[in-house]
Amino acid sequence: MSATYYLTTGKQKLGPLSEKNIIDGVRSGKISLFDMILNNQTGEWMMLAQHPDFSDLDPANDSNSSSEYGDHLAVGLISDHESDEKLDLPEFITPDNFPILTPVYWYEKDHSDQRLKYLDVLELIHSQKLSEQSLISKNPHGPWQPVINWDEFSPKSLEDYKKASNEDLPDVHIRRKSQRFNCGKVFVALSKKGTGFQIFCADISKTGLGFLVRAAKCDLNDELMIKFDDKLQDSKFDAKGIVVSVRKVKLPGANDIYIRYGVRFTALSEAGKKFILSVTKP
């Protein structure tokens with residue numbers, strides 16, 4: 001399904017519009033690059049010229065800095081006031097009435113009474129109060145999906161938002177793309193310091209795993225060698241990986257604090273591949 005957009009040009013609210021509608025409107029002078037557009041990725045208003053989908057658009061040769069509707073509201077002061085007033089829309093707009101514009105908010109399943117802006121969610125991820133698998137929705141009643149499943153939090157969307165917004169973007173790295181499976185097995189790991197230790201693997205995917213230990217064993221970006229067994233035989237390892245996340249966690253029903261490491265595989269032996277396939281069957 002192609003993307004749809006909503007604009008406000010002073011007192012007029014326009015949409016839903018296709019990308020072609022907007023391009024045609026700019027070229028004909030009916031829409032200005034200074035008109036405000038709702039960014040579907042972030043739920044924020046920005047000037048059309050700032051939107052990543054239209055940042056390279058050139059205005060009509062004979063157009064000035066305002067659209068034919070004029071009377072622009074100041075940037076950042078766009079109202080989302082609801083109105084039943086019938087609007088006169090440009091000829092290329094097909095709906096009879098403009099749908100009511102409401103800002104996009106996000107909700108965390110465990111705190112569905114609190115609405116969050118896009119930046120709020122990013123800050124919670126940055127502060128490790130939300131993880132890639134935390135369930136969120138655009139509706140306080142769901143449907144709920146893990147953060148990693150929402151396109152708005154993909155690396156591309158984060159990069160587009162960073163380019164199009166003047167807001168400071170928290171340092172957020174959402175790396176997990178493959179489905180994770182519960183593992184609950186004890187493996188052996190060896191750090192680059194030559195220290196071997198047992199790890200409890202909480203979850204695993206085709207691209208990495210997460211493991212828990214009671215005390216710090218390695219650092220961010222450290223390389224690990226992993227044996228998918230609780231003991232090492234013949235000095236052979238099944239996987240090589242790099243530590244991509246470190247955080248403290250509590251297990252449900254327990255007060256003990258554990259350290260959770262996220263590891264992305266950089267190499268798998270044939271035995272390692274067979275093991276991964278055996279435990280990641282849907």
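With rounding to the nearest 0.5 angstrom, the CZ atom of F54 is 5.0 Å from the CD atom of E19. The CZ atom of R264 sits 11.5 Å away from atom OG of S205, with the distance rounded to the nearest 0.5 Å. Distance check, rounded to the nearest 0.5 Å: CZ of F275 to CG of D229 gives 8.5 Å. In this structure, CG on L38 lies 11.5 Å from CG on L17, to the nearest 0.5 angstrom. Taking CG from L190 and CD1 from I226, the interatomic distance works out to 10.5 Å, rounded to the nearest 0.5 Å. Distance CG/L119 to CG/L124: 11.0 Å, rounded to 0.5 Å.
Pairing each heavy atom of S112 with each of W144, the nearest pair is CB-CH2, 4.0 Å. Pairing each heavy atom of N21 with each of I31, the nearest pair is O-CD1, 4.5 Å. Contact record, I257 with K248: CG2-CB, 4.0 Å, taken as the closest heavy-atom pair. Heavy atoms only, all atoms of each residue included: C201 and C183 are closest at O-CB, 3.5 Å.
For the residue pair Y5 / D53, a side-chain donor-acceptor distance below 3.5 Å is found, with atom types taken as modelled.
Note: the hydrophobic cluster containing L232 does not contain F228 (ILVMFWY, side chain heavy atoms under 4.5 Å, direct or indirect links). By the rule that hydrophobic residues join a cluster once side-chain heavy atoms approach within less than 4.5 Å of another member, Y118 and V147 end up as members of one cluster. In this structure, I199 is a member of the same hydrophobic cluster as L268, with clusters built from ILVMFWY side-chain heavy atoms closer than 4.5 Å. I204 and V243 fall within the same hydrophobic cluster, defined by Ile, Leu, Val, Met, Phe, Trp and Tyr side-chain heavy atoms under 4.5 Å apart, directly or through other members.
H111 pairs by the side-chain contact (heavy atoms from CB on, under 4.5 Å) definition with E108, D113, Q114, not counting sequence neighbours. With sequence neighbours left out, the side-chain contact (heavy atoms from CB on, under 4.5 Å) criterion links P146 to Q133, L135, I148, N149. In this structure, the side-chain contact (heavy atoms from CB on, under 4.5 Å) partners of K240, at least two apart in sequence or on a different chain, are E223, M225, T266, A267. Evaluation of the salt bridge (charged side-chain N to carboxylate O under 4.0 Å, His left out) rule for D238 yields K227 as partners, not counting sequence neighbours. In this view, D120 satisfies the salt bridge (charged side-chain N to carboxylate O under 4.0 Å, His left out) rule with no residue, not counting sequence neighbours. Residues satisfying the side chain to side chain donor-acceptor pair (under 3.5 Å) criterion with S137, sequence neighbours excluded, are absent altogether. Take K138 and apply the side chain to side chain donor-acceptor pair (under 3.5 Å) test, not counting sequence neighbours, and it matches E152. With sequence neighbours excluded, the residues forming a side chain to side chain donor-acceptor pair (under 3.5 Å) with K273 are E270, listed by chain and number. Applying the ring pair (Phe, Tyr, Trp, His ring centres under 6.0 Å) rule to F237 yields no partners; only residues at least two apart in sequence or on another chain are considered. Remark: K20 engages D24 in a side chain to side chain donor-acceptor pair (under 3.5 Å) (not counting sequence neighbours). A search for salt bridge (charged side-chain N to carboxylate O under 4.0 Å, His left out) contacts involving K231 returns nothing, not counting sequence neighbours.
The existence of a salt bridge linking D203 and R260 is confirmed by a sub-4.0 Å separation between a basic side-chain nitrogen and an acidic carboxylate oxygen.
Looking at heavy atoms from C-beta onward, I276 lies in side-chain contact with F265 at the 4.5 angstrom threshold.
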Exercise. Passes side-chain contact (heavy atoms from CB on, under 4.5 Å), Y107 versus R115? Steps please.
Worked result: CA-CA 5 Å; Y107 301 86; R115 67 184 191 182; 3.4 Å; yes
For this session: Give the intermediate values and the outcome of side-chain contact (heavy atoms from CB on, under 4.5 Å) for residues V121 and F153.
Result: CA-CA 9 Å; V121 179; F153 297 95; 3.5 Å; yes
Throw together a table of side-chain donor-acceptor distances under 3.5 angstrom for residues 208-220, partners on residues two or more places apart or in other chains.
residue	atom	partner	partner atom	Å
R214	NH2	Y258	OH	3.0

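Side chain of W150 to main chain of Q145: a donor-acceptor pair is present (N/O by atom type, distance under 3.5 Å, no hydrogens or angles). T195 contributes no side-chain N or O that, together with a main-chain N or O of S191, makes up a donor-acceptor pair within less than 3.5 Å.
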